[in-house]
Chemist: 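One structure is given below, represented as structure tokens, and several questions about it will come after.
Naming: A, B, ... by sequence-line order, numbering from 1 per chain. Note that the structure is predicted; figures quoted are calculated from it, not measured.
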There are 2 protein chains.
Amino acid sequence: MLCAVERPPFLLPIDKAGRSDYTCKRYHFLWRVCIKLWEMSTSPADQNTTLKEISRRLGISPSTVSRALSGQDLKRPQARQRAEEIRRLAAELGYAPNSIARSLKTNQRRLIGLIIPDIMNDYYATAATLVQETLAEEDYRVMLCVTNDDPRTEAMQMRVLREERVAGIIRVPAPQDPAVKMAPLRASPIPVVELVRRSSSHQFDAVLLDDVQAGFQGTAHLLELGHREIAIVLGPLSVETARQRLEGYRLAFERAQVPVNEALICSGPYRREVAYSVTLALLDRPHRPTAIIATSNELVIGTLQALAERGMRVPEEISLVGFGNADWFTLLRPSLTTVALPIRQMAVVAAHTLLARIRALHDPTAVEQIEAAPVVSRYATQLIVRQSTQPPAHGSSIRTDECL
Amino acid sequence: MLCAVERPPFLLPIDKAGRSDYTCKRYHFLWRVCIKLWEMSTSPADQNTTLKEISRRLGISPSTVSRALSGQDLKRPQARQRAEEIRRLAAELGYAPNSIARSLKTNQRRLIGLIIPDIMNDYYATAATLVQETLAEEDYRVMLCVTNDDPRTEAMQMRVLREERVAGIIRVPAPQDPAVKMAPLRASPIPVVELVRRSSSHQFDAVLLDDVQAGFQGTAHLLELGHREIAIVLGPLSVETARQRLEGYRLAFERAQVPVNEALICSGPYRREVAYSVTLALLDRPHRPTAIIATSNELVIGTLQALAERGMRVPEEISLVGFGNADWFTLLRPSLTTVALPIRQMAVVAAHTLLARIRALHDPTAVEQIEAAPVVSRYATQLIVRQSTQPPAHGSSIRTDECL
DNA sequence: CTGAAAGCGCTTACAG
DNA sequence: CTGAAAGCGCTTACAG
């Protein structure tokens, strides 16, 4: 049975149900012939122009076209003129070289993978922007992978990036799950630079914060103001950054010779809902803390939502220190005191580090660099005091002393 | 002159300046032989495993390996067992198929390009996330391109995406510049879906807002509250969305039978600094407006900064309507009245539209669909009244009446 | 300086 | 069911 279509072979075999069946033996040959005819009749603009097409039109070899377009400098004026002609025709035909074929041949890709937990988070959006811009300067493209902090998603994405043969990877590792094992990366020569967080293998270059300092700065500020009951809202302790921020928190208490109230240490996934309910729980305690530190952009949002819901006056009733430096922090009333994280700088450095590794990989004289131990750098954070912190109200202060 | 290195050929010709010179004729042959030897001695884990490598190890043909890994169902138990063996070895060697080679052969890429103005903007970050998630469900990857609303950057990125032979493109077009001409897209069969904004060619599917309604809703709300001197901060009028939002503004005035004060219509690039200085200028006028509408996420930020700098009390002294629905809008005090834009839904629809086009392109029976006119949909916006708007103070109101 | 040829790593009709 | 062969669109040593 046949039905008419507007494309070759114009008559198409269909089965009784009316569905076309290209594999139908009887029409197979006809089908192929028609496809060929169709392709020949089709205007070349409909297909992607190839080197071969250009060379055919000019009656020269594809090699010559390739060389002309790659801009090899020629000496003989005759050759130059010909190259000019080739370029003109290429432009006219809208020739766009097939970078897939080129990559396959040259075994080089100007593409890197960027793996981040969440792009709606101001902090990572900033990182993504800067990585993208820095790499664009060197003519590298970015493939964007969002993990939502799920280790399985991340493992899948690592595999995809390997299959894509990206030149390198910049990633903020997801929290690790012993159940999910990553394919051994040693097997592939793809350079990886870790940003913000470090995975436990410790085999990659990493551009990190001084997280201990970050935790310390926020806590010390509140201690100096006279707070004693300081709650801290942390990410999961399986993430090294969260552990280190806690370490900084403890260190500040130790230096101030004030004992830590373990009940005020809260930890959970980096999601606003978590920070929201954790903060509500903190506020509903009989002895509520006089200050809170929320240790990430997401956690700040949840904490602010909870404070708003309970109608807490900041900083009169409770002080708040945020982490990061989203633009809207300054638009809040009171504006938010925060531990600013130099993510822009870090993103740029991560991109440059990766580019250096990629270059070393293509340069056989740089063996030492390739096999050198991973480079880990840590960036200082900076406390920015705004309006959301002040000394604790007298009442709370006394109550706190009673607790001790 | 020679120097020793740890990689083949172990002795490397170097010139007088100590730089290595691989093209040196004398050592060229030696060099190639050594490379070969090195490659043979190298453990296969250092190279990316190929089908050929697997087939060599098992003494079978690459075809068979390819078929086994692509999971063709086999009937004979003997064949099944062999396939199992092949898969096991592949896993053991950490085989990751080269998707470049596969794409070159099959002429199909599971990669789409996403072009957006700015990823630090909450609005576009949300769009990017949803596009990425929706496409990931269908196993498509996303190449991220940020234009900063620069038409030249956009044109370059379109070219790169063509060269990458992406399966499709979702883009928020940058404002158009007559000086920059895009390569004719008709020449390539890459489907494009436009999101949020529509380029002037009107040849692509587009998923848009009802921008007239959006402008209308915000303005009508303020008019109903009794405001007459309502300033509007718009993006560049070369962007259709900005023109249409303005149209909605005018329409609301017309319906309310109130004349428009043209001096209160401000337009400029979608950047916070612009909105900031525009707003300062508005506030410094002798007859300042009693209300402002900022028609994008970026513009809202700039306007808020200016209001804060002048210490304006919102809504007592001036009312403010924002656009979009960033989470932090609700954390402001007063929380922000806004025209919410259904960007999440739109991003998902754009992704599905693109997927449908891609499928149609691979299905020769769907000619009609391919050549059908572009599909344009517009999504309704929704006014969310919060705390930043209230009727104008009596004084201002009278002053306004005096003006008329 | 140019062209013929090989080959990057796959897939897939074709012949056995 | 399997293997030999062709070919996707490029680049690039090699021989003229």
Side-chain angles (χ1 to χ4, degrees), chain A residues 22-25 28-29 31-33 35-36 39 47-56 58-83 85-86 90 93 95-109 162-165, chain B residues 22-23 25 28-29 31-32 35-36 39 44 47-56 58-83 85-86 90 95-109 162-165:
Chain A
Y22 304 102
T23 63
C24 170
K25 292 272 160 68
H28 195 254
F29 178 72
W31 170 256
R32 306 224 59 208
V33 167
I35 285 281
K36 258 291 173 289
E39 281 174 7
Q47 298 295 315
N48 279 308
T49 315
T50 65
L51 281 187
K52 208 161 112 192
E53 167 72 13
I54 297 177
S55 69
R56 194 183 58 71
L58 292 169
I60 57 182
S61 83
S63 324
T64 307
V65 178
S66 172
R67 278 184 287 246
L69 294 179
S70 72
Q72 242 176 31
D73 41 287
L74 307 168
K75 284 188 188 135
R76 292 188 213 160
Q78 190 191 352
R80 294 188 148 229
Q81 193 182 330
R82 200 213 296 230
E85 223 171 282
I86 292 170
L93 294 177
Y95 173 70
N98 184 328
S99 62
I100 308 213
R102 178 180 286 166
S103 295
L104 181 61
K105 177 67 192 166
T106 62
N107 199 23
Q108 285 204 28
R109 291 216 74 180
R162 265 190 69 201
E163 295 186 356
E164 283 286 337
R165 299 295 191 268
Chain B
Y22 304 101
T23 62
K25 292 272 160 65
H28 196 252
F29 180 73
W31 170 256
R32 305 224 60 204
I35 285 279
K36 256 296 175 280
E39 281 174 7
Q47 298 295 316
N48 279 309
T49 315
T50 65
L51 279 188
K52 207 161 114 193
E53 167 72 13
I54 296 177
S55 70
R56 194 183 57 71
L58 292 170
I60 57 181
S61 82
S63 323
T64 307
V65 178
S66 172
R67 279 184 285 245
L69 293 179
S70 72
Q72 241 176 30
D73 40 288
L74 307 169
K75 282 187 189 139
R76 293 188 211 160
Q78 190 191 350
R80 292 184 152 234
Q81 194 182 329
R82 198 208 301 226
E85 224 171 281
I86 293 170
Y95 173 69
N98 185 326
S99 62
I100 309 217
R102 177 179 287 165
S103 295
L104 181 61
K105 177 64 192 170
T106 62
N107 199 22
Q108 286 204 26
R109 292 217 74 181
R162 266 191 69 201
E163 294 187 357
E164 283 287 335
R165 300 292 191 269

Chemist: So does A:Ser66 get a side-chain nitrogen or oxygen closer than 4.0 Å to the phosphate oxygens (OP1/OP2) of D:dT11?
Modeler: yes
Chemist: Rounded off to whole Å, could you give me the CD1-to-C1' distance for the A:Ile60 and C:dC1 pair?
Modeler: 12 Å
Chemist: Atom CZ of A:Arg109 to atom P of C:dC8: distance rounded to whole Å?
Modeler: 18 Å
Chemist: Side-chain N or O of B:Ser61 versus OP1/OP2 of D:dT2: is the shortest distance under 4.0 Å?
Modeler: no
Chemist: Here's a test of your reading of the structure: between A:Thr50 and B:Pro62, which maps to the more 5' nucleotide of DNA chain D?
Modeler: B:Pro62
Chemist: Under a 3.5 Å cut-off on both pairing distances, which runs of 3 or more consecutive Watson-Crick or G-U pairs involve DNA chain C?
Modeler: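 Expected stems, ordered by start: C:1-3 with D:14-16, C:5-12 with D:5-12, C:14-16 with D:1-3.
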Chemist: Quick one: B:Glu164 CD to D:dG9 C1', roughly how many Å, whole number?
Modeler: 14 Å
Chemist: Can you check the B:Gln81 CD to D:dT2 P distance for me, whole Å?
Modeler: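 Taking CD of B:Gln81 and P of D:dT2, I get 12 Å after rounding.
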Chemist: Heavy-atom nearest nucleotide on DNA chain D for B:Asn107 versus B:Gly59: which residue maps closer to 5'?
Modeler: B:Gly59
Chemist: To the nearest Å, give me how far apart CZ (B:Arg56) and C1' (C:dG9) are.
Modeler: 16 Å
Chemist: Could you pull out all residues at least two apart from A:Arg165 that satisfy side-chain hydrogen bond (donor to acceptor under 3.5 Å, both in side chains)?
Modeler: none
Chemist: Using atom P in both nucleotides, what's the gap between C:dA5 and C:dC1 to the nearest angstrom?
Modeler: 23 Å
Chemist: Roughly how far, to the nearest 0.5 Å, is the OG atom of A:Ser99 from the CG atom of B:Leu104?
Modeler: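 One gets 10.5 Å once the value is rounded to the nearest 0.5 Å.
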Chemist: Hey, does the side chain of A:Tyr95 come within less than 4.0 Å of D:dG9's phosphate (OP1/OP2), counting only N and O?
Modeler: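 Looking at the OP1 and OP2 atoms of D:dG9, neither is under 4.0 Å from any side-chain N or O of A:Tyr95.
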Chemist: Considering only heavy atoms, which members of residues 96-106 of chain A lie under 4.0 Å from some atom of DNA chain D?
Modeler: A:Pro97, A:Asn98, A:Ala101, A:Arg102, A:Lys105, A:Thr106
Chemist: In this structure, how many angstroms lie between the C1' atom of D:dA4 and the NZ atom of B:Lys52, rounded?
Modeler: 14 Å
Chemist: By salt bridge (Lys or Arg N to Asp or Glu O under 4.0 Å), which residues pair with B:Arg82, not counting sequence neighbours?
Modeler: none
Chemist: Mind calculating the distance between CG (B:Leu51) and P (D:dG7) to the nearest angstrom?
Modeler: 20 Å
Chemist: Passes side-chain contact (heavy atoms from CB on, under 4.5 Å), B:Asn98 versus B:Thr50? Steps please.
Modeler: CA-CA 8 Å; B:Asn98 185 326; B:Thr50 65; over 6 Å; no
Chemist: Name all residues meeting the side-chain contact (heavy atoms from CB on, under 4.5 Å) criterion together with B:Thr64; count only those two or more places apart in sequence or in a different chain, and write none if there are none.
Modeler: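 Partners of B:Thr64 under the side-chain contact (heavy atoms from CB on, under 4.5 Å) test: B:Ile60, B:Ser61, B:Arg67, B:Ile86.
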Chemist: Just to be sure I understand the rule, does A:Ser63 reach a base, reach only the sugar-phosphate, or reach nothing, if contact means heavy atoms closer than 4.0 Å?
Modeler: base
Chemist: Could you list the residues that satisfy side-chain contact (heavy atoms from CB on, under 4.5 Å) with B:Pro62, not counting sequence neighbours?
Modeler: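 Testing B:Pro62 for side-chain contact (heavy atoms from CB on, under 4.5 Å), a comparison that skips the adjacent residues, returns B:Ser55.
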Chemist: Atom CZ of B:Arg67 and atom P of C:dC14: how far apart are they, to the nearest Å?
Modeler: 14 Å
Chemist: Classify the side chain of B:Arg165 and the base of D:dG9 as holding, or not holding, a donor-acceptor pair under 3.5 Å.
Modeler: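 In this structure, the two groups form no donor-acceptor pair.
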Chemist: Suppose we screen for side-chain contact (heavy atoms from CB on, under 4.5 Å). Which residues come up paired with A:Glu85, at least two apart in sequence or across chains?
Modeler: A:Leu58, A:Arg88
Chemist: To the nearest 0.5 angstrom, please state how far the CD1 atom of A:Ile100 sits from the CD atom of B:Glu163.
Modeler: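 So the CD1 of A:Ile100 and the CD of B:Glu163 are separated by 11.5 Å.
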Chemist: Tell me every residue that passes side-chain contact (heavy atoms from CB on, under 4.5 Å) with A:Arg102, counting only those two or more places apart in sequence or in another chain.
Modeler: A:Pro97, A:Thr106
Chemist: Quick one: list whatever passes side-chain hydrogen bond (donor to acceptor under 3.5 Å, both in side chains) with A:Gln81, sequence neighbours left out.
Modeler: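 Testing A:Gln81 for side-chain hydrogen bond (donor to acceptor under 3.5 Å, both in side chains), a comparison that skips the adjacent residues, returns none.
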